[in-house]
Amino acid sequence: MRRLNRKKTLSLVKELDAFPKVPDSYVETSASGGTVSLIAFTTMALLTIMEFSVYQDTWMKYEYEVDKDFSSKLRINIDITVAMKCQYVGADVLDLAETMVASADGLVYEPVLFDLSPQQKEWQRMLQLIQSRLQEEHSLQDVIFKSAFKTTSTTLPPREDDSSQSPDACRIHGHLYVNKVAGNFHITVGKAIPHPRGHAHLAALVNHDSYNFSHRIDHLSFGELVPGIINPLDGTEKIAVDHNQMFQYFITVVPTKLHTYKISADTHQFSVTERERIINHAAGSHGVSGIFMKYDLSSLMVTVTEEHMPFWQFFVRLCGIVGGIFSTTGMLHGIGKFIVEIICCRFRLGSYKPVHSVPFEDGHTDNHLPLLENNTH
């Protein structure tokens, strides 16, 4: 009984075979079929290589939601060089809540030379070239996100030459923590002092002819410092043409959570609009000479995640390539063979001409084919 059950099971399994075996004596090969097979195998190999490269690549996924974190502090990372001596300039932040954050809380004033060394100029030129390409090709930002990791640095390299000139500029660098509300970070003449209605700067002790707010922004970012990320104002250089000149930057900050295979960070992206003008009270252009960065925070938060194609999707796409090419080439080969056979049959039918009937003297005709004559001698 067990043997009978096994035989029935085996016969049932054989009937369910979707891949029947054809004897070799029933298989006929042809030159056209071999050519089509070579084309099919070559196409499958190329598409498989391309699909594998797509499988290895990753892409960035952007998700948007409302930023519900309004109680934490916002970090501002600053590295700006002003073409004035450090004792003549002061930097601080004043937000909409009229809360002043002095530069002494986290910024360092370092006397330096404003002119860059040859190596530093080459670094700045490359950074400006990258910025121009980013403005034209926005998709390059995804490449920067994927390539950013903690060991990469985009800061200005140190001077390679030992200059004996006395410092003529001031490098203001460091970071500040401010409230997550709109504010104004500014660098102007004189040190900042508290005031009942806000704050003021001791500018009366500085000679007006020494005003020079030519500046270079080596780095400006918000949130966690992520080396390798290039921000919109990195590498910016402005040269003042007048002593009474104001430089304004209107910045919109967007909270961003970055999750890649190399780094995870809570940082911020921002867009900026620039404006500069000469202060002339007689002409109606009022204000204070200096560098003003007015920032505002967006209510939306962006989550940027690096994603990879799952293996099962790659396997399904690969099976579709192999099966699709086999089926398509088989159909095309069959259609082509059918068309060729029809054309050849027409030519063959056209080669046979009808035999004319031979009339007899009594009016009858002989429709039979003439017998072959033996030309024997």
Note: Asp115-Lys121 ion pair, threshold 4.0 Å (strictly below) = no

Stepwise, does the side chain to side chain contact (heavy atoms under 4.5 Å, CB included) test hold for Leu74 with Asn179?
-> CA-CA 6 Å; Leu74 175 65; Asn179 298 322; over 6 Å; no

Cationic N near anionic O, under 4.0 Å, Lys85 to Asp168 | no

Do Tyr62 and Trp59 share a hydrophobic cluster, counting only Ile, Leu, Val, Met, Phe, Trp and Tyr and linking them when any side-chain heavy atoms are less than 4.5 Å apart?
-> no

Nearest 0.5 Å please: distance from the CG atom of Leu127 over to the CG atom of Asp234.
-> 6.0 Å

Are Asn231 and His219 side-chain neighbours, meaning at least one heavy-atom pair lies under 4.5 Å?
-> yes

Any side-chain heavy atom of Ile229 sitting closer than 4.5 Å to one from Thr267?
-> no

Kindly say whether the aromatic ring centers of Phe222 and Phe270 come within a distance under 6.0 Å.
-> yes

Between Asp296 and Lys294, is the closest basic N to carboxylate O distance under 4.0 Å?
-> no

hydrophobic_cluster_shared for Val272 and Ile291, side chain cutoff 4.5 Å | yes

Look only at the side chain of Thr260 and the backbone of Thr305, and say whether a donor-acceptor pair between them is shorter than 3.5 Å.
-> no

Has Arg171 got its NZ or CZ under 6.0 Å from the middle of the six-membered ring of Tyr109, at an angle within 45 degrees of the ring axis?
-> no

Transitive ILVMFWY side-chain link Ile230 to Val302, under 4.5 Å | yes

Worked verdict on Glu63 versus Val304 for side chain to side chain contact (heavy atoms under 4.5 Å, CB included) | CA-CA 7 Å; Glu63 296 178 339; Val304 185; over 6 Å; no

Is there side-chain contact between Thr48 and Leu46, with at least one heavy-atom pair below 4.5 Å?
-> no

Are the side chains of Ile187 and Met84 in touch, meaning some heavy atoms are under 4.5 Å apart?
-> no

How long is the gap from CZ on Phe247 to OG on Ser214, to the nearest 0.5 Å?
-> 6.0 Å

Quick one: does Arg216's side chain get under 4.5 Å of Lys238's, heavy atoms only?
-> no

How about Glu276 and Gln245: does a side-chain donor come under 3.5 Å of a side-chain acceptor?
-> yes

Hey, does Ile76 have a side-chain heavy atom less than 4.5 Å from the side chain of Val178?
-> yes

What donor-acceptor contacts under 3.5 angstrom involve side-chain atoms of residues 306-324, with partners at least two apart or in another chain?
residue: Glu306; atom: OE1; partner: Tyr261; partner atom: N; Å: 3.0
residue: Glu306; atom: OE2; partner: Thr58; partner atom: OG1; Å: 2.7
residue: His308; atom: NE2; partner: Tyr55; partner atom: O; Å: 2.6
residue: Arg317; atom: NE; partner: Glu51; partner atom: OE2; Å: 2.3
residue: Arg317; atom: NH2; partner: Glu51; partner atom: OE1; Å: 3.4
residue: Arg317; atom: NH2; partner: Glu51; partner atom: OE2; Å: 3.1

Between Asn244 and Tyr211, is any pair of side-chain heavy atoms under 4.5 Å apart?
-> yes

Over all atoms of both residues, closest heavy-atom pair of Pro255 and Val253 = CD-O, 3.9 Å

Separation between CD1 (Ile80) and CD1 (Ile172), nearest 0.5 Å, reads 7.0 Å

Mind running ring-ring contact (aromatic ring centres under 6.0 Å, His included) on His215 and Phe213 for me, showing each step along the way?
-> CA-CA 6 Å; His215 61 280; Phe213 284 100; 8.5 Å; no

Could you verify whether a donor N or O on one side chain and an acceptor N or O on the other, from Gln248 and Glu274, lie under 3.5 Å apart?
-> no

From CA spacing to verdict: side chain to side chain contact (heavy atoms under 4.5 Å, CB included), Leu332, Thr329 | CA-CA 5 Å; Leu332 293 177; Thr329 51; 5.6 Å; no

His286 and Ile279: CA distance, side-chain angles, deciding distance, side chain to side chain contact (heavy atoms under 4.5 Å, CB included) verdict | CA-CA 6 Å; His286 304 289; Ile279 304 301; 5.9 Å; no

To the nearest 0.5 Å, how far apart are CZ in Arg275 and CE in Met246?
-> 8.5 Å

Is Ile78 close to Leu176 at the side-chain level, that is, under 4.5 Å between some pair of heavy atoms?
-> yes

